[in-house]
Amino acid sequence: MAILDSIPGLEVFVCVDDEPLQEYDDDGDDEGEVEHTQFAEYQAARTVGKFVESVSDKEFSIRINLETSYVMDCASLLFPIHIDGKRCWEPVLAKSYYAQSIQGSRVLSRVTINARGVRAVAPGIEEREFLQKFKFSKIDVTMDDDKLANVREDMKRIQDVGEIIVKVYKGGETKDVTRTTTARNVDLRSVGDKVHEKALKGDAKSHSASLGPATEPVKKSYVECQKVDGVDNPIAIFKFKYRSRDALKSLLIIERTPSPEPAEVPATEPALSLGNLNSAQKTRLEQFLRELANDGGAGKNSPNRTIKREHDEEDRGGEGSRKKRKFGPPVTIDLTDD
């Protein structure tokens, strides 16, 4: 979650599928040095920056939480939301609307605002409005030389693309108002035509924000409120740069997947060279080869040949010899006897 240590209890998230996206610290300063003016230094001290991962065609929302540790020392809070440099919506959280959760300066239970999109007035029907949800749209990048002539135009088109900014202001008492038919609908659309790679200038921008179809009816509810400290003095600024996973890897925001190390090939032993033997080794080798030749040519009658045989009676000392049976005198049997 994006938080400021100086303002405990105030949290801002970018969510997909109603779950907060994982955040990565944005320690770089790609906008140059901070201007040495009173307002610039004031805002820089109250700004927190994060990277989040964007996925093509996924809807997203901005969730704002007030936790019990927040001290509500004003009548209301205003949260203007800018996406890709365009003002999209300005939710207002008034104490009078959350009497059960906020009493005095104490927040008794969590209060949540969920910005899922913008409100669009139905053509010709002033009383009805529809929600157009935020979503990420992929930027088509090309290296076609025919597009080189449009690099400056491409750079201008994507100058503010890829960033969500939520500012927080203290507000006064609110007053209910009715939105007029002259109110302009938000024109938040994808980049459109292909962008030349040189227009990115190594920034690795991968997506822009766009709006889905206006299909979900919403209740009309508008209030009027003043920023008590002026537009130059927000109490907090939350910046989210959204990039694809591959872009985050190229920017070294998240670790690259390590390449597998090549398998070690066992070293082969060097071939034996007889020329490297000394005289003593050569003598022993000749003796071994001579004995090997003699053993290979010996026949079955060779005195060195070992013959396996059964032990005879003499070897066994007579103890193992077969004893002769003793027979008595012959007996005559008459088979005709009754």
Side-chain angles (χ1 to χ4, degrees), residues 1-37 39-56 58-70 77 79-86 88 91 110 112-115 134-139 141 158-169 200-209 233-259:
M1 73 191 82
I3 59 174
L4 279 171
D5 294 336
S6 58
I7 310 179
L10 176 61
E11 304 171 347
V12 180
F13 312 85
V14 177
C15 301
V16 170
D17 296 329
D18 292 328
E19 293 293 332
L21 292 176
Q22 183 173 350
E23 297 174 358
Y24 308 92
D25 290 337
D26 178 14
D27 298 325
D29 184 12
D30 58 355
E31 297 178 359
E33 297 182 358
V34 177
E35 296 181 26
H36 295 290
T37 64
F39 294 133
E41 292 179 355
Y42 171 90
Q43 293 185 11
R46 290 159 175 78
T47 300
V48 58
K50 299 289 183 179
F51 277 98
V52 294
E53 180 182 346
S54 54
V55 178
S56 299
K58 271 288 190 180
E59 295 177 349
F60 67 92
S61 62
I62 295 98
R63 183 185 301 169
I64 303 165
N65 283 348
L66 279 191
E67 300 289 352
T68 55
S69 56
Y70 184 76
L77 291 173
F79 305 93
I81 298 173
H82 289 75
I83 302 178
D84 294 354
K86 297 178 180 178
C88 294
R110 175 187 294 171
T112 298
I113 292 177
N114 198 26
F134 300 127
K135 71 174 184 177
F136 296 120
S137 295
K138 182 180 179 181
I139 297 176
V141 180
I158 67 170
Q159 180 178 358
D160 298 319
V161 163
E163 188 170 45
I164 300 167
I165 300 177
V166 181
K167 294 184 178 181
V168 186
Y169 292 88
L200 300 177
K201 296 179 62 176
D203 197 17
K205 292 182 178 181
S206 57
H207 292 89
S208 62
N233 294 285
I235 63 172
I237 302 175
F238 299 90
K239 293 185 177 182
F240 299 92
K241 294 178 182 178
Y242 57 89
R243 303 288 188 273
S244 69
R245 188 167 188 82
D246 288 340
L248 292 175
K249 288 181 179 181
S250 70
L251 294 170
L252 303 181
I253 302 301
I254 60 178
E255 293 184 0
R256 296 176 180 267
T257 304
S259 302

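Throughout, numbering of the chain's residues begins at 1 and tracks the sequence. Since the structure is predicted, the reported quantities are computational estimates derived from the model, not experimental observations.
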Notebook entry, point to check: Can you name the residues that form a side chain to side chain donor-acceptor pair (under 3.5 Å) with Tyr169, not counting sequence neighbours?
Noted result: none
Given side chains that start at C-beta, do those of [X] and [Y] come closer than 4.5 Å, heavy atoms only?
X      : Y      : value
Ile81  : Ile83  : yes
Ile62  : Ile164 : yes
Val55  : Phe136 : no
Leu10  : Leu4   : no
Val48  : Ile237 : no
Leu200 : Ile158 : yes
Ile3   : Glu11  : yes

Identify the two heavy atoms, one from [X] and one from [Y], that lie closest to each other, and give their separation to 0.1 Å.
X      : Y      : result
Glu19  : Arg63  : N-NH2, 4.5 Å
Glu23  : Phe240 : OE2-CE2, 3.6 Å
His207 : Tyr242 : O-CE1, 3.4 Å
Gln43  : Pro234 : NE2-CD, 4.0 Å
Leu21  : Glu53  : CD1-O, 3.4 Å
Ser56  : Lys138 : OG-CB, 3.4 Å

Item checked: Donor-acceptor pair, side chain of Asp84 and main chain of Gly162, under 3.5 angstrom -> yes
Item checked: Main-chain N/O of Glu255 paired with Lys249 side-chain donor or acceptor, under 3.5 Å -> no
Working to the nearest 0.5 angstrom, can you tell me the gap between [X] [atom1] and [Y] [atom2]?
X      : Y      : atom1 : atom2 : answer
Ile253 : Phe51  : CD1   : CZ    : 4.0 Å
Ile254 : Gln22  : CD1   : CD    : 8.0 Å
Ser250 : Asp203 : OG    : CG    : 9.5 Å
Ser61  : Phe13  : OG    : CZ    : 11.0 Å
Lys58  : Cys15  : NZ    : SG    : 13.0 Å
Glu59  : Asp17  : CD    : CG    : 8.5 Å

Note to self: Check Glu163 with Lys241, please: is the shortest side-chain N to carboxylate O separation under 4.0 Å?
What the structure shows: no
Margin query: Between Leu77 and Leu66, does the side chain to side chain contact (heavy atoms under 4.5 Å, CB included) criterion hold? Intermediate values first, please.
Written below: CA-CA 10 Å; Leu77 291 173; Leu66 279 191; 3.9 Å; yes
Item checked: Test side chain to side chain contact (heavy atoms under 4.5 Å, CB included) applied to Asn233 - qualifying residues, sequence neighbours left out -> Phe39, Tyr42, Asp229
Next item on the list: Verify whether one side chain among Thr112 and Asn65 offers a donor that lies under 3.5 Å from an acceptor in the other.
Entry: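 Present: a donor and an acceptor within the cut-off.
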Notebook entry, point to check: Between Asp25 and Lys50, does a salt bridge (Lys or Arg N to Asp or Glu O under 4.0 Å) hold up when you go through it step by step?
Noted result: CA-CA 5 Å; Asp25 290 337; Lys50 299 289 183 179; 2.5 Å; yes
Note to self: Once salt bridge (Lys or Arg N to Asp or Glu O under 4.0 Å) is applied, do any residues pair with Asp5, and if so which ones, sequence neighbours excluded?
What the structure shows: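 Residues passing salt bridge (Lys or Arg N to Asp or Glu O under 4.0 Å) with Asp5: none at all.
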